[in-house]
Amino acid sequence: MLQYSIKRILMAIPVVVFISFIVFNIIQLPPGDYVSSYSAQMTAAGEVMTQEDMDQMRANLGLDRPVYEQYAIWIKKIVLHGDFGFSFNYNKPVLDVVKQYMGLTLVVSLVTMAFQYLVAIPIGIYTAVKQYSAGDYFFSGISFLGMATPNFLLAIILMYLSYTWFGDPLLGLFSNEYVNAPWSMDKLMDLLKHLVIPVIVIGLASTADLIRVMRGQMLDELNKPNVVTARSKGLSETKILFKYPTRAALNPIVSTFGWSLSSIFTGSTITAIVLNLPIQGPVMYKALLGQDMYLAGSWLLFMALLTVLGTLISDILLAWLDPKIRTEFRGN
């Protein structure tokens, strides 16, 4: 198991380096740069920048250099100094911007992921064991509805219902009196209250999808020979259920961990804008619009790292769940 984990970690390192190169080149693809975007904003405000001013600004920001040279400088600073560059939009280091929003982003993302798996796995098991029952039809209908409803529309509906029933649309992650207040039990409870809508909105579609996957896998496993043999030996249905079909059915669920981790981050942008959430989605959107390349590149790099990390965790969990994977690794 240790050898398998080390191999996967070593394989992830060149992948991350390659992704960083692709990411930096992707954010350079749109025409223009931050200076041209800034010039357009100044023109809209009634001030005109001359070409000399724009050239000087590019030179000061290092944007007049070739793309490969900009990338080399950027990645060198990251590796040697942990410096992700300077955010033009926020006028401060990228790492400061990341630290400002990363904490709450992680809270929303991890709570949402916990919601997905803790809800999807038991419901998937139940709907498979109770196939074609009223409960199966009910949860299947909710699953299809969850996959079909756009996140932003669901967010608006839930805000309306919250305002109608409780007099508070639950915008943001904190009430006004707690936004800048120090942490306390009251602030934590306020955060948990405001997390309800974002977690449901961001996690519902993935939860519905995971329910369908878990149900399908359980139905495939329930009548396999090992389960029939266990029944013939007189083992209880509960013990059989969790020892054989459930463990085997978890394999595809665990394998989704990699993309689930990153999709919660990237997929919450529109929802975050609608709900006015102080997380990374709107920051990334603003960075892309303003061609704030170091901030946008750093966020995309973090997303890639999360995908690689999630995939690594999935591989290790799959090897733990399925001994055949470890056996095949030793055989190679």
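Heavy-atom basis, side chains included; hydrogens, waters and symmetry copies ignored. Just so it is clear, the model here is predicted, and its values are computed rather than measured.
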No-hydrogen, no-angle side-chain donor-acceptor test under 3.5 Å, Y137 and T127: no
Test item: side-chain donor near acceptor, T50 and D53, under 3.5 Å: yes
So do [Y] and [X] actually touch side chain to side chain, heavy atoms under 4.5 Å?
| X | Y | result |
| --- | --- | --- |
| Y101 | P282 | no |
| R65 | I73 | yes |
| N91 | F86 | yes |
| Q51 | S39 | no |

Any donor and acceptor pair, going by atom type alone, linking the side chain of [X] with main-chain N or O of [Y] inside 3.5 Å?
| X | Y | result |
| --- | --- | --- |
| S87 | Y90 | yes |
| Q280 | W299 | no |
| S162 | M159 | no |
| T149 | G146 | no |

side-chain hydrogen bond (donor to acceptor under 3.5 Å, both in side chains) assessment of R212 paired with S140: CA-CA 8 Å; R212 304 305 302 168; S140 295; 2.9 Å; yes
Point-to-point distance, once rounded to the nearest 0.5 Å, from [atom1] of [X] to [atom2] of [Y]:
| X | Y | atom1 | atom2 | value |
| --- | --- | --- | --- | --- |
| S20 | I78 | OG | CD1 | 7.5 Å |
| L161 | I197 | CG | CD1 | 8.5 Å |
| L275 | H194 | CG | NE2 | 10.5 Å |
| R231 | T229 | CZ | OG1 | 10.5 Å |
| M102 | L95 | CE | CG | 9.5 Å |

Linked hydrophobic residues, V227 as query - side chain contacts closer than 4.5 Å: L235, I240, Y244
When you group the ILVMFWY residues by side-chain heavy-atom contacts below 4.5 Å and let the links chain together, are [Y] and [X] in the same group?
| X | Y | value |
| --- | --- | --- |
| F152 | L195 | yes |
| M218 | V228 | no |
| Y132 | I125 | no |
| I157 | Y163 | no |
| V196 | L153 | yes |

K193 bridged to D190 by N-O distance under 4.0 Å: yes
Salt bridge R247-E221, side-chain N to carboxylate O under 4.0 Å: no
Should we count [atom1] of [X] as having more than 12 external heavy atoms under 6.0 Å?
| X | atom1 | value |
| --- | --- | --- |
| N60 | CG | yes |
| K76 | NZ | no |
| W165 | CH2 | no |

F21 and Y71 aromatic ring geometry - parallel, tilted or perpendicular at 30°/60° bounds: perpendicular
Plane angle bin for F139 and Y126 - parallel if under 30°, tilted between 30 and 60°, otherwise perpendicular: perpendicular
L241/V129 under side-chain contact (heavy atoms from CB on, under 4.5 Å): CA gap, chis, key distance, verdict: CA-CA 9 Å; L241 181 66; V129 174; 3.8 Å; yes
Trace of the ring pair (Phe, Tyr, Trp, His ring centres under 6.0 Å) decision for F302 with F84: CA-CA 11 Å; F302 285 137; F84 288 83; 5.4 Å; yes
Residue pair Q100, D96: steps toward the side-chain hydrogen bond (donor to acceptor under 3.5 Å, both in side chains) verdict: CA-CA 6 Å; Q100 181 179 348; D96 290 346; over 6 Å; no
Sole candidate of I202, T207, I211, I121 that passes side chain to side chain contact (heavy atoms under 4.5 Å, CB included) when paired with Q116: T207
F174 six-ring centre to K187 NZ/CZ under 6.0 Å and within 45° of normal: yes
